[in-house]
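Have a look at the structure below, then the notes.
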Amino acid sequence: MRETLGLMCLALVLATPTRSLSDIDLSTVTNGNDGQTPSALPTEAEVESVTVEIGSRMFVPNHILLHHDQKTVLRFRNHDTELHTVVAKELFFGVNLNVGGNGASEFGPDGLKRVIIPPEGLLEIQFTPARTGTFSYLCDMPGHDMQAVIVVE
């Protein structure tokens with residue numbers, strides 16, 4: 001009886017459709033106190049989002065403008081059929097960040113060293129630029145002459 005009940009519960013769980021964040025009406029989310037305003041969640045306007053396309057051994061665009069102390073999501077999409085890397089040590093030095101996607105991240109004592117992005121892969125870095133300036137980044141795969149710039153003002 002227990003086995004049958006357990007299998008029925010498992011079947012019910014597997015048959016239940018999953019929901020993503022886009023399926024949830026965030027206007028109904030509250031901070032746990034009935035009758036009060038919903039919790040403050042970051043909106044699209046509060047997060048700067050930039051996508052760099054990688055194709056034909058080029059970063060497009062090759063010049064990006066970000067803003068100091070602005071929450072940022074920086075995405076790299078590899079459309080090539082070969083591995084590429086993103087190396088931007090100075091930009092990420094001493095910065096708290098989250099790295100997502102299907103790339104292989106390499107960290108050192110100073111933070112993020114580089115990320116290897118597979119063909120048709122995605123790298124997503126969420127961070128807040130801590131310093132202003134011009135920061136170069138590159139792909140350090142042998143034979144790849146790919147360089148670009150991120151300006152933080």
Side-chain angles (χ1 to χ4, degrees), residues 13-14 16-153:
V13 167
L14 294 175
T16 303
T18 58
R19 296 175 68 187
S20 69
L21 285 177
S22 62
D23 296 331
I24 299 171
D25 179 7
L26 291 178
S27 67
T28 63
V29 176
T30 65
N31 61 5
N33 299 321
D34 291 338
Q36 293 190 4
T37 311
S39 297
L41 297 173
T43 64
E44 287 287 324
E46 294 173 338
V47 177
E48 188 165 22
S49 179
V50 177
T51 300
V52 176
E53 307 294 339
I54 302 172
S56 302
R57 291 191 178 181
M58 295 183 345
F59 293 113
V60 178
N62 66 356
H63 185 270
I64 299 169
L65 177 63
L66 300 179
H67 297 92
H68 178 255
D69 285 338
Q70 174 71 46
K71 292 180 183 180
T72 303
V73 176
L74 184 56
R75 291 181 189 89
F76 293 87
R77 295 185 190 278
N78 182 3
H79 298 285
D80 282 343
T81 58
E82 59 188 334
L83 294 172
H84 288 294
T85 64
V86 173
V87 180
K89 294 177 190 174
E90 293 81 24
L91 178 63
F92 302 123
F93 179 76
V95 174
N96 290 328
L97 49 83
N98 291 317
V99 180
N102 60 351
S105 305
E106 296 178 14
F107 289 88
D110 295 330
L112 182 65
K113 289 173 48 175
R114 74 178 190 159
V115 180
I116 302 170
I117 308 171
E120 300 303 324
L122 170 70
L123 162 63
E124 184 174 275
I125 302 172
Q126 297 176 16
F127 72 111
T128 301
R131 296 182 315 277
T132 59
T134 301
F135 304 93
S136 62
Y137 66 96
L138 58 94
C139 172
D140 67 353
M141 297 298 285
H144 295 201
D145 186 24
M146 300 167 57
Q147 296 183 16
V149 172
I150 296 173
V151 175
V152 179
E153 57 179 36

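Computed from heavy atoms alone, side chains included, the values below leave out hydrogens, waters and symmetry copies.
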**Request:** State which residues pass side-chain contact (heavy atoms from CB on, under 4.5 Å) with E53; sequence neighbours excluded, sorted by chain then number.
**Result:** T51, R77, H79
**Prompt:** When you look at H144 and H84, which way does the side-chain contact (heavy atoms from CB on, under 4.5 Å) test go after all the steps?
**Reply:** CA-CA 8 Å; H144 295 201; H84 288 294; 3.1 Å; yes
**Item:** Stepwise side-chain contact (heavy atoms from CB on, under 4.5 Å) test for I54 and I117
**Value:** CA-CA 10 Å; I54 302 172; I117 308 171; 4.0 Å; yes
**Request:** Using ring pair (Phe, Tyr, Trp, His ring centres under 6.0 Å) as the criterion, list what pairs up with H67, not counting sequence neighbours.
**Result:** none
**Minimum heavy-atom distance between A130 and V95, given as atom pair plus value** = CB-CG2, 4.1 Å
**Complete:** dist I150:CD1 -> L66:CG (nearest 0.5 Å) comes out at 5.5 Å
**Over all atoms of both residues, closest heavy-atom pair of G103 and P118** = CA-CD, 3.9 Å
**Request:** Could you note down all residue pairs passing salt bridge (charged side-chain N to carboxylate O under 4.0 Å, His left out) where residues 142-153 supplies at least one of them, sequence neighbours left out?
**Result:** none
**Request:** Quick one: which residue pairs count as a ring pair (Phe, Tyr, Trp, His ring centres under 6.0 Å) with a foot in residues 108-131, not counting sequence neighbours?
**Result:** F92-F127
**Request:** Just grab all the salt bridge (charged side-chain N to carboxylate O under 4.0 Å, His left out) pairs involving residues 79-91, residues at least two apart or on different chains.
**Result:** R57-E82
**Item:** Residues which pass side-chain contact (heavy atoms from CB on, under 4.5 Å) with F107, listed by chain and number, not counting sequence neighbours
**Value:** L97, V99, S105, L112
**Asked** Which atoms form the tightest heavy-atom contact between V152 and P129, and what is the distance?
**Response** CG1-CB, 3.7 Å
**All pairs passing side-chain hydrogen bond (donor to acceptor under 3.5 Å, both in side chains) where residues 123-132 contributes a residue, at least two apart** = R75-E124, E124-Q126
**Prompt:** By ring pair (Phe, Tyr, Trp, His ring centres under 6.0 Å), which residues pair with F135, not counting sequence neighbours?
**Reply:** none
**Asked** Looking only at heavy atoms, what is the nearest atom pair of N102 and L122, with distance?
**Response** OD1-N, 2.8 Å
**Asked** Do L74 and I64 pass the side-chain contact (heavy atoms from CB on, under 4.5 Å) test, and can you show the C-alpha distance, the side-chain angles, and the key distance before you say yes or no?
**Response** CA-CA 10 Å; L74 184 56; I64 299 169; 4.1 Å; yes
**Message:** Holding to ring pair (Phe, Tyr, Trp, His ring centres under 6.0 Å), I want the full list of residues that pass it with F76, two or more places apart in sequence or in another chain.
**Reply:** Y137
**Request:** Output all residues satisfying side-chain contact (heavy atoms from CB on, under 4.5 Å) with I116, sequence neighbours left out; order by chain, then residue number.
**Result:** L83, T85, A104, E106, R114
**Message:** The test is side-chain contact (heavy atoms from CB on, under 4.5 Å); show your working for Q147 and L138 and say whether it passes.
**Reply:** CA-CA 4 Å; Q147 296 183 16; L138 58 94; 4.1 Å; yes
